[in-house]
Engineer: 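Pasting a structure here, questions to come.
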Amino acid sequence: MTAASKIENLSVGSLRFLSRNPDFFASVTKPPAPASFYSTVSAQIEDQQKRFEYHNVATCIATLQRCAQRNDAVSGQQVHGFMVRKGFLDDSPRAVTSLVNMYAKCGLMRHAISVTGGSEDHERDVFGYNAIISGFVINGSPLDAMETYREMRAKGIFPDKYTFPSLLKGSHVMEASDVTKIHGLAFKLGFDSDCYVGSALVNSYLKFRLMEDAQKVFDEMPERDDSVLWNALVIGYSQNFRFEDALKVFVKMREEGVSLTRHTVTGVLSAFTVLADLDNGRSIHGLAVKTGSDSDIVVSNALIDMYGKSKCLEEAISIFEAMDERERDLFTWNSVLCVHDYCGDHDGALALFQKMLRSGRIRPDLVTLTTVLPTCGRLAALQQGREIHGYMIVNGLLNRNNSNDEFINNSLMDMYAKCGDLRDAQTVFDSMRSKDSASWNIMINGYGVQSCGELAWDMFSTMCKAGVKPDEITFVGLLQACNHSGFVSQGRKFLEEMERVYKIVPTSDHYTCVIDMLGRAGKLEEAYELAVAMPVEDSPVVWRSILSSCRLHGNTELAQVAGKRLYELEPEHCGGYVLMSNLYVEAGRYEQVSELRDAMRQQNVKKTPGSSWIEIKNDLHVFFTDDKTHPEYESILACLSPLTHHIMSICH
DNA sequence: GTAGGGTTAG
């Protein structure tokens with residue numbers, strides 16, 4: 001039993017008794033602990049007690065603050081006993097407040113409550129209420145804080161300027177009208193011009209997206225030289241996706257000479273991260289270096305995120321490498337893992353994950369695992385994915401009734417589906433108590449890519465019956481499923497119903513799926529007509545798809561049209577040239593082939609050879625076209641040939 | 001009194 005839980009096990013009643021009978025405090029047992037630890041702590045406490053004999057209320061308060069910082073309820077309790085004996089609590093509301101804060105910060109709210117009265121003979125004053133309200137908010141019970149505030153108001157006790165910031169910190173569980181009411185009272189009492197109250201009000205309004213109210217509070221502040229006030233506005237606009245306003249505030253802040261803090265830097269960086277605005281992100285990095293805030297761990301994490309989301313993996317890595325290994329926190333690791341995955345370095349992401357585990361400093365949490373699972377999926381690393389699943393079970397990260405359930409299970413399902421293990425994906429899916437649209441989408445897509453069109457289709461019907469609204473992604477999966485299974489008329493029907501029945505406007509992705517489906521099925525004219533007539537802009541993907549269908553069905557005329565458009569859209573990309581070249585080779589038009597090769601040389605287009613690979617017992621085996629270098633080449637071929645023949649016999 | 005990380009398609 002830990003010292004803190006031992007104290008928590010004393011009932012509130014017994015503590016009240018202790019407060020009134022100071023001598024009894026002396027008999028409270030010392031914390032149980034291993035001998036070496038015990039002797040050190042006990043020596044420290046005795047030492048402190050000796051010093052207290054000569055000390056006053058002020059030193060007690062200072063000690064309590066240290067106890068709170070160190071989460072050391074045991075020493076705090078010793079100080080408590082001493083203060084009771086000396087009668088320090090009787091005439092110093094500040095002393096009571098420090099004591100309450102100490103218990104609250106150590107997570108012992110029941111003790112905090114008992115110290116500040118609550119009994120009939122010992123009424124709580126505004127200081128006591130402030131401490132309790134703040135304690136509830138610190139300990140994640142903002143509703144209790146609100147209740148305490150109402151009780152205080154009902155007793156006719158007026159809040160002071162310290163009440164509002166604490167109370168408003170829990171405003172995310174309130175109604176917007178509560179904030180307005182609190183604001184009204186702060187105004188009446190004249191506290192709304194206090195900069196702490198002001199920034200708390202700005203923050204609360206921003207949480208409810210009431211930007212104009214927040215801006216008004218800010219504009220009416222008599223003194224605006226406080227960074228926190230500005231930071232609140234910058235961060236608020238940023239989080240509400242009003243990046244231009246965030247930047248305007250930031251620029252104005254600079255003009256007015258308000259000093260930047262690490263909070264300003266992270267706030268404004270998050271705007272540039274979402275916008276993937278590398279140039280401005282870099283400027284902020286420069287500013288962070290100038291002001292010295294780049295050494296802050298949160299700033300470093302935000303920089304990793306910014307560079308990564310701008311696809312500058314190397315710069316993200318250099319920030320990560322420059323950090324002190326002991327500073328790197330969970331956020332750092334999660335950011336750097338996510339960024340590797342985002343930039344397509346899936347191998348790097350898995351290697352880093354292994355490094356994180358080996359370092360032993362930071363334990364992966366659910367965010368880490370939900371980041372790494374899709375990476376496993378993309379690499380088809382089923383074994384690693386399974387190990388992570390096992391880790392989650394062993395560490396009790398699953399089966400918890402938390403709000404992240406869908407997130408985690410969706411990542412697991414996706415990993416299994418991408419690795420081709422649809423049975424396990426389905427098992428996870430079936431075990432989920434609540435499913436969101438992503439859960440259904442993952443299964444629909446999973447069945448779709450495995451050419452299990454009917455199963456994908458069934459999933460879709462069940463999803464609709466379960467009352468989950470399909471979204472854009474659902475239809476991408478569904479149309480893909482039709483494509484892979486050759487359900488041409490059904491695919492066409494879904495595209496038409498999307499807008500008419502489900503009120504979802506098809507995007508270029510949806511058209512691309514259908515065009516690809518039509519092309520593969522040999523309906524080249526129809527595919528071409530749709531590409532020309534569709535109400536969205538055409539993309540290289542569309543024409544590459546048509547081009548490869550032309551090759552499949554030997555249509556050189558349409559191929560030339562598609563090839564021309566593809567060249568207009570992306571002259572530097574090799575895909576179009578390769579497709580055209582193969583097509584000309586098959587048609588025996590070797591003159592055009594050499595023309596194409598010249599064009600490629602002129603444009604400096606290079607073709608990276610495609611490869612496939614498989615991982616067996618931690619060994620990676622890679623294969624290129626016409627590559628006979630594998631030591632087991634002969635036996636692989638012996639297995640492969642009958643399979644190829646079998647597939648061909650089914651297809652024809 | 002203020003700040004940072006995660007799932008589904010293409």
Side-chain angles (χ1 to χ4, degrees), chain A residues 134 137 161-162 164-169 171 194-204 206 226-236 238-239 261-270 273 293 296-306 308-309 329-339 341-342 364-375 377 404-415 417-418 425 435-446 448-449 471-481 507-513 516 539-542 545:
Chain A
S134 147
V137 175
K161 65 176 186 178
Y162 296 97
F164 295 107
S166 301
L167 182 66
L168 288 170
K169 201 178 177 190
S171 60
D194 176 78
C195 96
Y196 281 66
V197 178
S199 37
L201 281 168
V202 169
N203 269 312
S204 303
L206 293 169
D226 182 61
S227 302
V228 176
L229 197 58
W230 288 84
N231 291 350
L233 211 55
V234 171
I235 293 155
S238 212
Q239 285 177 348
T261 71
R262 52 196 204 280
H263 298 88
T264 331
V265 172
T266 40
V268 79
L269 258 181
S270 72
T273 305
S293 56
D296 182 81
I297 190 162
V298 182
V299 172
S300 298
N301 296 348
L303 282 170
I304 292 175
D305 202 36
M306 187 277 293
K309 301 275 163 71
D329 66 4
L330 190 56
F331 279 78
T332 318
W333 283 100
N334 290 348
S335 299
V336 82
L337 287 171
C338 165
V339 151
D341 194 64
Y342 185 79
D365 72 345
L366 283 175
V367 175
T368 323
L369 303 173
T370 39
T371 312
V372 179
L373 279 172
T375 311
N404 287 321
D405 254 14
E406 287 130 4
F407 240 80
I408 304 148
N409 284 309
N410 287 348
S411 322
L412 270 173
M413 267 164 54
D414 183 54
M415 181 275 294
K418 290 250 169 58
K435 304 167 174 80
D436 60 11
S437 61
S439 323
W440 294 91
N441 293 349
I442 290 164
M443 290 310 294
I444 290 172
N445 194 59
V449 291
D471 57 17
E472 284 183 15
I473 301 170
T474 317
F475 281 96
V476 175
L478 206 52
L479 292 171
Q480 282 279 41
T507 65
S508 91
D509 292 333
H510 300 103
Y511 285 107
T512 310
C513 283
D516 193 56
S539 67
V541 189
V542 168
S545 153

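No hydrogens, no waters, no symmetry mates; every other heavy atom, side chains included, goes into these values. Quick caveat, the model's predicted, so the values are computed rather than measured. Throughout, a chain's letter reflects where its sequence line sits, starting with A, and its residues are numbered from 1.
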Engineer: Using a cut-off of less than 4.0 Å, is there contact between a side-chain N or O of Lys418(A) and OP1 or OP2 of dA9(B)?
Structural biologist: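 Yes.
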
Engineer: Between Asn410(A) and Asp436(A), is any pair of side-chain heavy atoms under 4.5 Å apart?
Structural biologist: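 Yes - at least one pair of side-chain heavy atoms lies under 4.5 Å apart.
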
Engineer: Can you check whether Ile408(A) reaches Leu369(A) side chain to side chain, under 4.5 Å on heavy atoms?
Structural biologist: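 No. Closest side-chain heavy atoms not under 4.5 Å.
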
Engineer: How close or far is atom P of dT7(B) from atom CE of Met413(A), stated in whole angstroms?
Structural biologist: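 So the CE-P distance, Met413(A) to dT7(B), works out to 15 Å.
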
Engineer: Considering only dG1(B), dG10(B), dA3(B), which nucleotide approaches the side chain of Pro165(A) most closely?
Structural biologist: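 For the Pro165(A) side chain, the nearest candidate turns out to be dG1(B).
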
Engineer: Does Gln480(A) have a side-chain nitrogen or oxygen under 4.0 Å from the phosphate oxygens OP1 or OP2 of dT8(B)?
Structural biologist: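 Gln480(A) to dT8(B) OP1/OP2: no side-chain N or O under 4.0 Å.
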
Engineer: Does Lys435(A) put a side-chain nitrogen or oxygen below 4.0 Å from OP1 or OP2 of dT7(B)?
Structural biologist: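 False: Lys435(A) side-chain N/O out of range (4.0 Å or more) of dT7(B) OP1/OP2.
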
Engineer: Identify whether any heavy atom of Asn445(A) sits under 4.0 Å from a base atom; if not, whether one sits that close to sugar-phosphate; answer base, sugar-phosphate or nothing.
Structural biologist: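 Sugar-phosphate only.
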
Engineer: Is it true that Ser411(A) and Asp414(A) share a donor-acceptor pair across their side chains at a distance under 3.5 Å?
Structural biologist: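 Distance-only check fails for Asp414(A) and Ser411(A).
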
Engineer: Provide, to the nearest angstrom, the distance between the CG atom belonging to Asp436(A) and the P atom belonging to dT7(B).
Structural biologist: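 It is 13 Å, rounded to the nearest whole Å.
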
Engineer: Under 4.0 Å between any heavy atoms, over every strand shown, what does Ile473(A) touch: base, sugar-phosphate, or nothing? Just pick one.
Structural biologist: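 Base contact.
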
Engineer: So what does Asp365(A) hit on the nucleic acid, given a heavy-atom distance under 4.0 Å: a base, only sugar-phosphate, or nothing?
Structural biologist: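 The answer is base, as Asp365(A) lies within the cut-off (heavy atoms under 4.0 Å) of a base atom.
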
Engineer: If you apply the rule side chain to side chain donor-acceptor pair (under 3.5 Å), what do you find for Ser539(A) with Ser508(A), and how did you get there?
Structural biologist: CA-CA 8 Å; Ser539(A) 67; Ser508(A) 91; 5.0 Å; no

Engineer: Would you tell me whether Asn301(A) and Ser335(A) have side-chain atoms, one donor and one acceptor, within less than 3.5 Å of each other?
Structural biologist: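 Ser335(A) and Asn301(A) do not have a side-chain donor-acceptor pair below 3.5 Å.
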
Engineer: Can you find a donor-acceptor N/O pair under 3.5 angstrom joining the side chain of Ser199(A) to the base of dG1(B)?
Structural biologist: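 In this structure, the two groups form a donor-acceptor pair.
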
Engineer: State, without any angle test, whether Thr261(A) and Thr264(A) hold a side-chain donor-acceptor pair at a distance under 3.5 Å.
Structural biologist: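 Per modelled atom types, Thr261(A) and Thr264(A) side chains form a pair under 3.5 Å.
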
Engineer: Leu330(A) near the nucleic acid: base, sugar-phosphate alone, or nothing, with a heavy-atom cut-off under 4.0 Å?
Structural biologist: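 Base: the residue Leu330(A), judged by heavy atoms under 4.0 Å, touches a nucleobase.
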
Engineer: From C-beta outward on Asp226(A), which listed nucleotide comes closest to its side chain: dG4(B), dT8(B), dG1(B)?
Structural biologist: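 Minimum distance to the Asp226(A) side chain belongs to dG1(B).
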
Engineer: If you only use heavy atoms from C-beta on, which nucleotide in dG6(B), dA9(B), dT2(B) is closest to the side chain of Val476(A)?
Structural biologist: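 That would be dA9(B).
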
Engineer: Between Leu229(A) (CG) and dA3(B) (P), how many Å, whole number?
Structural biologist: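 Answer to the nearest Å: 13 Å.
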
Engineer: Check the distance between dG6(B)'s P and Asp341(A)'s CG and give it to me in whole angstrom.
Structural biologist: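 So the CG-P distance, Asp341(A) to dG6(B), works out to 11 Å.
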
Engineer: Classify the side chain of Asn231(A) versus the base of dG1(B) as yes if they form a donor-acceptor pair under 3.5 Å and no if they do not.
Structural biologist: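 A donor-acceptor contact between them is absent.
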
Engineer: At under 4.0 Å between heavy atoms, what does Cys195(A) touch on the DNA or RNA strands: base, sugar-phosphate, or nothing?
Structural biologist: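 Result for Cys195(A) = base.
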
Engineer: Roughly how many Å is it from CG in Asp194(A) to P in dT2(B), rounded to a whole number?
Structural biologist: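 In whole Å, dT2(B) P and Asp194(A) CG are 14 Å from each other.
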
Engineer: Would you say the base of dG4(B) and the side-chain of Asp329(A) have a donor-acceptor pair closer than 3.5 Å?
Structural biologist: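 Donor-acceptor pair under 3.5 Å: yes.
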
Engineer: From CG of Asn301(A) over to C1' of dG6(B), roughly how many Å is that when rounded to an integer?
Structural biologist: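 From Asn301(A) CG to dG6(B) C1': 14 Å.
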
Engineer: Checking contacts here: which listed nucleotide (dG4(B), dA9(B), dG6(B)) is nearest the side-chain heavy atoms of Phe331(A)?
Structural biologist: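 Nearest listed nucleotide: dG4(B).
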
Engineer: Which whole-number value in Å describes the distance from Asp305(A) CG to dG4(B) P?
Structural biologist: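 The distance from CG of Asp305(A) to P of dG4(B) comes to 10 Å, rounded to the nearest Å.
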
Engineer: Thr370(A) has a side chain; which of dA3(B), dA9(B), dG6(B) sits nearest to it?
Structural biologist: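 For Thr370(A), the side-chain atoms sit closest to dG6(B).
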
Engineer: Roughly, in whole Å, what's the span from OH in Tyr342(A) to P in dT8(B)?
Structural biologist: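 Between P of dT8(B) and OH of Tyr342(A): 12 Å.
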
Engineer: Is Asn441(A) near enough to dA9(B) that one of its side-chain N or O atoms lies under 4.0 angstrom from OP1 or OP2?
Structural biologist: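 No, outside the criterion.
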
Engineer: Lys169(A) side chain: which of dG4(B), dG6(B), dT2(B) is closest?
Structural biologist: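 In terms of side-chain proximity for Lys169(A), the closest of dG4(B), dG6(B), dT2(B) is dT2(B).
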
